[in-house]
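A short write-up of the structure that comes next.
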Amino acid sequence: MDVLRVATRPVIVVGGGAITSEASDQVLALAERWQIPVVTTWNGKSAFPEDHELFAGSVGQTGTMTGNAIASSADVVISVGCRFTDWSASSYAKGISFSIPPAKLIHIDIDPHEIGKNYPAEVGIVADAQRAVAAIVDSLPGKGVDRSEYLAELAQLKQDWEEKLAGRRDSDRFPFTSQRPLGALRNVLPRDAIIVAGSGNTQGAVKQTFPVYSPRTHLTSGGFSSMGWAIPAAVGAKLARPDSPVVCVLGDGDFLMTSQEIALSVTAGAPVIFVVQNNAGYMSIRGGQRKQTSRHIGTEFSHPDGSPYSPDFAAMGRSFGIELWKVNDAASLEPTLRKAVQSGAPALIEVPTDRDAAGPWVPGWWDFPIPAYITDERQEEYHRTRATEQHL
């Protein structure tokens, strides 16, 4: 591990493979032994405790500013069960999420086809992540190098991100931002509670805003961002861990894809709390349409006169026989969530969400082509960033 020993700005990037192999303890030991910041991918979220001083955030298109800054400036990247998908690597645009090369990659994966697939590997290790990381820890000296300056930079970046995040997470505007209910949920839930994230804007907001502390307490459909996945997944999570609170957070468009499956929460005896962020539309899709074409079609749920349309979620909840609430102001948000958690019963909570305050920040990049008929500065910006993509 000479590559790691001489590193001055190493980072560990943890993917879903670290959770599958139950390598979280070993990753924590490596990070603490050698004082290495840790970033997570979408599927790697929960592999590392997010209140740890070495946690740097997530990477990718909807990663955190801290995670992308630390990972992109690293001189050595230790990848543990990470596939480097386009969303986690900002479509391989150089210097946004990663800079490989010149950064050197130590790539650990049980699948030999993943080694060096998207980035050249300086050291490729085909092995179970838990065993490989444990072996690396054992091979390192008992005391790591002094990284006080590097870690001070990390602490400042985290403080800057926290200040930015607080502007939305702690806002009392109504209808709410996507982040506001997530901050309230974290306040009322125990550390081992499981959050199941829906698709689109909600998925990205959960990734950035809702800290988790132990493996398998954050469940997501990952890069496919499949609408309709979250409700049955949440019921499955509750059946698997009946003693842990399970909260499913999703948008109204996502909810309507498989809303009938909330019946399972009753019939299977799996009391899940469903938090529906209602902004009357597919706001993630609307955002993409606006960015690409300056217009949107079919993504706002509206009456013919243009006024917002929404089903009666309260009536829907009653028809399925579950507890239900609609949050009508900021003051009642946290008390309502607390009541639902303490009830121990399946519950549906409608949270009105501002259409224009729905979704995460986008500190990374995703290769989302601009149509040829768009000839303004967006076309130039797209091709300028795309030219930095690294393709093997």
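Numbers here are sequence positions counted from 1. Atom set for the values below is all heavy atoms of this structure, side chains included, hydrogens, waters and symmetry mates excluded.
- A salt bridge links Arg180 with Asp172; the closest basic N to acidic carboxylate O contact falls under 4.0 Å.
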Would you tabulate the side-chain donor-acceptor contacts of residues 260-269 under 3.5 Å, counting partners in other chains and residues two or more places apart, or write 'none'?
from: Ser265; atom 1: OG; to: Ala270; atom 2: O; distance (Å): 2.5
from: Ser265; atom 1: OG; to: Val272; atom 2: N; distance (Å): 3.1
from: Thr267; atom 1: OG1; to: Ala263; atom 2: O; distance (Å): 3.3

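- The pair Asp356-Arg286 counts as a salt bridge, with a side-chain nitrogen and a carboxylate oxygen less than 4.0 angstrom apart.
- Atom CD of Glu163 sits in a crowded spot, with more than 12 heavy atoms from other residues, nucleotides or ligands closer than 6.0 Å.
- Annotation: Tyr213 is not in aromatic contact with Phe48 [ring centroid separation under 6.0 Å not met].
- Applying the 6.0 Å contact sphere to CZ of Arg83 captures no more than 12 heavy atoms from other residues, nucleotides or ligands.
- In this structure, His107 has its ring center closer than 6.0 angstrom to the ring center of Phe84.
- A side chain to side chain donor-acceptor pair (under 3.5 Å) check over residues 234-258, counting only residues at least two apart or in different chains, returns the pairs Ser199-Asp254.
- Residue pairs that meet the side chain to side chain donor-acceptor pair (under 3.5 Å) test with at least one member in residues 308-323, sequence neighbours left out, are Asn278-Ser310.
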Please evaluate residues Ser90 and Ser97 with respect to the criterion side chain to side chain donor-acceptor pair (under 3.5 Å), reporting the C-alpha separation (whole Å), side-chain torsions for both, the decisive distance (0.1 Å), and the verdict. CA-CA 6 Å; Ser90 288; Ser97 289; 2.8 Å; yes
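- The stretch residues 336-347 participates, sequence neighbours left out, in these side chain to side chain donor-acceptor pair (under 3.5 Å) pairs: Glu334-Arg338.
- A donor-acceptor pair is defined here as one N or O able to donate and one able to accept, closer than 3.5 Å; no such pair exists between the side chain of Thr177 and the backbone of Arg173.
- For His113, the NE2 atom counts as loosely surrounded, since its 6.0 Å shell holds 12 or fewer non-hydrogen atoms of other residues, nucleotides or ligands.
- By the neighbour-count criterion of 12 heavy atoms within 6.0 Å, atom CD of Glu162 is densely surrounded, having more than that number from other residues, nucleotides or ligands.
- Listed for the Thr40 side chain is no donor-acceptor partner under 3.5 Å among the backbone atoms of Val14.
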Using the rule given for side-chain contact (heavy atoms from CB on, under 4.5 Å), can you reason through Ile194 versus Val247, listing the C-alpha separation, both sets of side-chain angles and the distance that settles it, and then say yes or no? CA-CA 6 Å; Ile194 297 170; Val247 179; over 6 Å; no
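- Neither side chain, Thr64 nor Gln208, offers a donor N or O lying under 3.5 Å from an acceptor on the other.
- Summarising the local packing, CZ of Arg384 is surrounded by more than 12 heavy atoms from other residues, nucleotides or ligands at distances under 6.0 Å.
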Apply side-chain contact (heavy atoms from CB on, under 4.5 Å) to Val212 and Ile195, showing your working. CA-CA 9 Å; Val212 290; Ile195 189 164; 4.3 Å; yes
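- Ion pair Lys117/Glu114 flagged as a salt bridge, since at least one NZ, NE, NH1 or NH2 atom sits closer than 4.0 Å to an Asp/Glu carboxylate oxygen.
- Scored by the side chain to side chain donor-acceptor pair (under 3.5 Å) test, Ser73 finds Arg9 as partners (sequence neighbours excluded).
- Checked against a 6.0 Å centroid threshold, the rings of Phe255 and Phe313 count as neighbours.
- Taking all atoms of both residues into account, the shortest heavy-atom contact from Asn279 to Gly281 is OD1-O, 3.2 Å.
- A tilted orientation is assigned to the rings of Trp365 and Tyr382, their planes being inclined by 30° to 60°.
- A donor and an acceptor atom, one from each side chain of Asp75 and Thr8, are located under 3.5 Å apart.
- Within 6.0 Å of atom NZ in Lys207, more than 12 heavy atoms from other residues, nucleotides or ligands are found, so the atom counts as buried in its surroundings.
- Among pairs with a residue in residues 125-136, none fulfils side chain to side chain donor-acceptor pair (under 3.5 Å), at least two apart in sequence or across chains.
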